[in-house]
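Everything below concerns the one structure shown next.
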There are 2 protein chains.
Amino acid sequence: MNSSKPVKQHPRPYHHGDLRRTLIATALKMLRQDQAWDFTLRELARRAGVSHAAPYRHFADKRELLAEVAALGHAALQEKMQEATQRHPDDPKAQLSALGQAYVAFAVENPAHFRLMFGPELATDPRHPVLQKAADATHALMIEAVRRSAAAGLFGTEDSRIQALAAWSLVHGLAMLLIDNRVRPMPADVNRLTAAITKAFVQGADAATR
Amino acid sequence: MNSSKPVKQHPRPYHHGDLRRTLIATALKMLRQDQAWDFTLRELARRAGVSHAAPYRHFADKRELLAEVAALGHAALQEKMQEATQRHPDDPKAQLSALGQAYVAFAVENPAHFRLMFGPELATDPRHPVLQKAADATHALMIEAVRRSAAAGLFGTEDSRIQALAAWSLVHGLAMLLIDNRVRPMPADVNRLTAAITKAFVQGADAATR
DNA sequence: GGATGAATGTTGACAACGGTAACATGCAAC
DNA sequence: GTTGCATGTTACCGTTGTCAACATTCATCC
């Protein structure tokens, strides 16, 4: 019977209650929809249903919000990478290849998020340790995989840090070229293309050891 | 000898006279100085010594100006790439390696320009054919070099388009990771690092043919 | 050689943005 | 219940990209 007192339910909690999470979730949604990370903080607030100044109660500024979102992206990417390697428990070569494919696939599926994660707007300044740590963890996964391959005899005697950087560069560059529409027409079966390239890389490294 | 009539010389041509070129030149200067391409159109006008609306007499909007600047970057990069290949007239392997090094060196020396050239802000929309053509020409140089190497027996039987994409991805990714400070500490001798990686790639491809 | 029109530049306006400050509201603890 | 703190809102600031209206110069034709 509709008491006259405002119920503390869905309709309009005068204090949103969970804005921080909502803002991040909305930002993720906008990343997916607009394929661009340069949305407006005010637009974000609008979609979250709050005033344009509300976000500032939870984030110092726009960059801090974006950094957090980017860090989440790294977490998701890392998960995909680990999943890919675990699919080939005893085959370092296959692991490395699968890792690369997972990397590129993530970028192609989440282009805006990927660009945000690696873009210069957040990368160059040292003010966001959250993002820095997340990015380092991604890098570490790459290095680890190459180390395992090296231990299994791949890569010959080359410095494994350099080989790791080469592997990372290869997939990172491919991802960038693909999502920036630099490779046209964008191949329908990106997976096959990526597989071909990563396998060629591994094979080359393999052959070079002999 | 100094007629009283306003000479059409340096001091203050009430009509700047060569604004278009000046704007582009100033933009290039700001790219170099600020290491960022997101400067303000108004700031650009200020430095060029004109009012904030003057640029609109020469460019439809900011993106058009940026597209032109990016296209110039491609031209410069292509020059460096060609120069590098011509340094090794009869050695396709060395050519490919030198090309890659030139590519990365350009990126490291002109990070903001490089990011502008390949960034999504101008790449994804089809509205700037100038830039599109310039970028395609860069790509073509890459393909050409790989084709020559393939003709010389490198790469075995692999599809040369795929190998070209792999080579491009490698150097592009390395460039991106370097200028985004993803590889830390930024190695003082980037050239040695790049040389090691490109040579490893060529050697791998070479070994794979046998 | 003066009128005329196209280029080119300037001023002033607009909405939108990121960010801050002052004020309002609701929850929680004494 | 009062009181304090977290959280939300409104009002404001300076800046930006862009446009429209006005001003100035230059080339051209009678």
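Note on naming: letters A, B, ... go to the chains in the order of the sequence lines (proteins, then strands), and numbering restarts at 1 for each one.
The B/H58 side chain lies nearest to C/dT8 when the options are D/dG8, C/dG18, C/dT8.
At the phosphate of D/dT25, neither OP1 nor OP2 sits under 4.0 Å from any side-chain N or O atom of B/R57.
Under the side-chain contact (heavy atoms from CB on, under 4.5 Å) criterion, A/A112 pairs with A/L31, not counting sequence neighbours. For B/Q203, there are no side-chain contact (heavy atoms from CB on, under 4.5 Å) partners at least two apart in sequence or on another chain. For A/F201, there are no ring pair (Phe, Tyr, Trp, His ring centres under 6.0 Å) partners at least two apart in sequence or on another chain. Partners of A/H139 by ring pair (Phe, Tyr, Trp, His ring centres under 6.0 Å), not counting sequence neighbours, listed by chain and number: A/W168.
Regarding A/L41, its CG atom lies at a distance of 11 Å from the P atom of C/dT20, rounded to whole Å. One can place CG of B/L66 at 15 Å from P of D/dT16, the figure rounded to the nearest angstrom. To the nearest angstrom, P of C/dT20 lies 14 Å from NZ of A/K62. Rounded to an integer number of Å, the gap from CG of B/D18 to P of C/dA7 is 17 Å. Going from atom OH of A/Y56 over to atom C1' of C/dG19 covers 5 Å, rounded to whole Å. Separating the CZ atom of B/F59 from the P atom of C/dG9 is a distance of 11 Å, rounded to the nearest angstrom. Rounded to a whole Å, the CG atom of A/L23 is 12 Å from the P atom of D/dT7. Residue B/L44 contributes atom CG, which lies 16 Å from atom C1' of D/dT15 at whole-angstrom precision.
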Nucleotide N/O to protein N/O under 3.5 Å, stretch nucleotides 11-14 of chain C:
{"residue": "C/dG12", "atom": "O6", "partner": "B/H52", "partner atom": "NE2", "Å": "2.6"}

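The side-chain hydrogen bond (donor to acceptor under 3.5 Å, both in side chains) pairs that include a residue from residues 37-48 of chain B are B/Q33-B/R47, B/E43-B/R46, B/E43-B/R47, where partners are two or more places apart or lie in different chains.
By the 30° and 60° cut-offs, the orientation of the rings of A/F118 relative to A/H172 is perpendicular.
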